[in-house]
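Notes follow the structure.
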There are 2 protein chains.
Amino acid sequence: MEKQLFANCGINCAACPADQVTKEGGDLDAIQTAIDLVKSSKVAFLGSNGADGYPNIKAMLELATNGLETMYFSSNTSSRRVADLRANPKACLYYVDTDHFIGLMLVGEIEIVSEQATKDRLWRTGFERYYPLGKTDPDYSILKFTAKWGKLYNGGKYVKCFHIQA
Amino acid sequence: MEKQLFANCGINCAACPADQVTKEGGDLDAIQTAIDLVKSSKVAFLGSNGADGYPNIKAMLELATNGLETMYFSSNTSSRRVADLRANPKACLYYVDTDHFIGLMLVGEIEIVSEQATKDRLWRTGFERYYPLGKTDPDYSILKFTAKWGKLYNGGKYVKCFHIQA
């Protein structure tokens, strides 16, 4: 299903941060800036919550993306992070371009994908280092992030909120 | 009060992630690597929780640090982030060197500092852009992060857990 992006709904809905402010710049420019940042980023920062309720962050190598809506990563099934995400799928991703002071936060949920076809499709040469048994290694898990909303910081120019809805 | 760092307690205490593993390398090397990373980082990534329980991340410019134990940042008092941290002080910081695949997560709590002497000490030229009324601008807040424990990822070499105790 094709999803739509809504930039700056302006209705102060529950998903919107209260401090969303458009200082300058068009909505389409902001969405394109966000998409370009995701495409050009080597790593994304994944935020999740530990069992003790403290937020955790880890840098992740992105395996595939679909616009601003879906991102795929891999992780060890046996890791604390995967256990935390199974218990609490609430997550966020952060992308940053420190040279141009651009930051993008996407907030949504993580699903642990067990489907073998997806694992095969996203397997990369060298993954044997992390998953010695290969594509069918039970310790090889795919994390699928689906965004609900996002917020773009573009230097001092603007802060924008996006809604991502089915 | 001087604090002590405990690397790899090895007793699987509540603060330790279950997946802590020492693959290689000495404890003192790991602590020095972590301190060097904090010192050389231009930005830190701050993790907090929104009122809806979703983790949030934002890049922050660090104003001052004390080893791995205390970090200071500034933020707008009126921002959603400050309101979220007042409601839930649980936080984490993440530092990364993507060239050398080194990542450091520090988990702890954030306190909003209202003491004017601290605000004066951490004020920087150019902050007028964010806080037009200057050092006494009520919208100028200092965030003080105090770490409880940390975890260092050093390439494929090791993952280490630190405890930071009074």
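Lettering of chains follows the sequences in order, A, B, ..., and the numbering in each one begins at 1. All values below were derived from every heavy atom in this structure, side-chain atoms included, with hydrogens, water molecules and symmetry-related copies excluded.
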(message) Hydrophobic clusters here meaning ILVMFWY residues chained together by side-chain heavy-atom distances under 4.5 Å, can you tell me if L63(A) and L143(A) are in one?
(response) no
(request) Kindly compute the distance separating NZ (K90(A)) from CG (N49(B)), expressed to the nearest 0.5 Å. (result) 8.5 Å
(request) Check for a donor-acceptor pair, side chain of Y94(B) on one end and backbone N or O of A59(A) on the other, with a separation under 3.5 Å. (result) yes
(message) Counting heavy-atom pairs closer than 4.5 Å to chain B, which one of C92(A), G103(A), G53(A), G108(A) comes out on top?
(response) C92(A)
(message) Under 4.5 Å between side-chain heavy atoms, counting indirect links through other Ile/Leu/Val/Met/Phe/Trp/Tyr residues: same cluster for Y72(A) and L106(A) or not?
(response) no
(message) I'd like to verify something: which residue of V107(B), N56(B), L93(B), L104(B) has the highest number of heavy-atom pairs under 4.5 Å with chain A?
(response) N56(B)
(request) Determine whether I110(A) and V113(A) fall in the same hydrophobic cluster, where Ile, Leu, Val, Met, Phe, Trp and Tyr are linked whenever their side-chain heavy atoms lie under 4.5 Å apart. (result) no
(message) If you compare all heavy atoms of G47(B) against all heavy atoms of P55(A), which two are closest, and at what distance to 0.1 Å?
(response) O-CG, 3.5 Å
(message) If I measure from the heavy atoms of chain B, does L46(A) come under 4.5 Å with its side chain, its backbone, both, or neither?
(response) backbone
(message) Could you see if F73(A) belongs to whatever hydrophobic cluster contains Y140(A)? Use Ile, Leu, Val, Met, Phe, Trp, Tyr and a side-chain cutoff under 4.5 Å.
(response) no
(request) Establish whether F127(B) and L122(B) are linked, either directly or via other cluster members, by ILVMFWY side-chain heavy-atom contacts under 4.5 Å. (result) yes
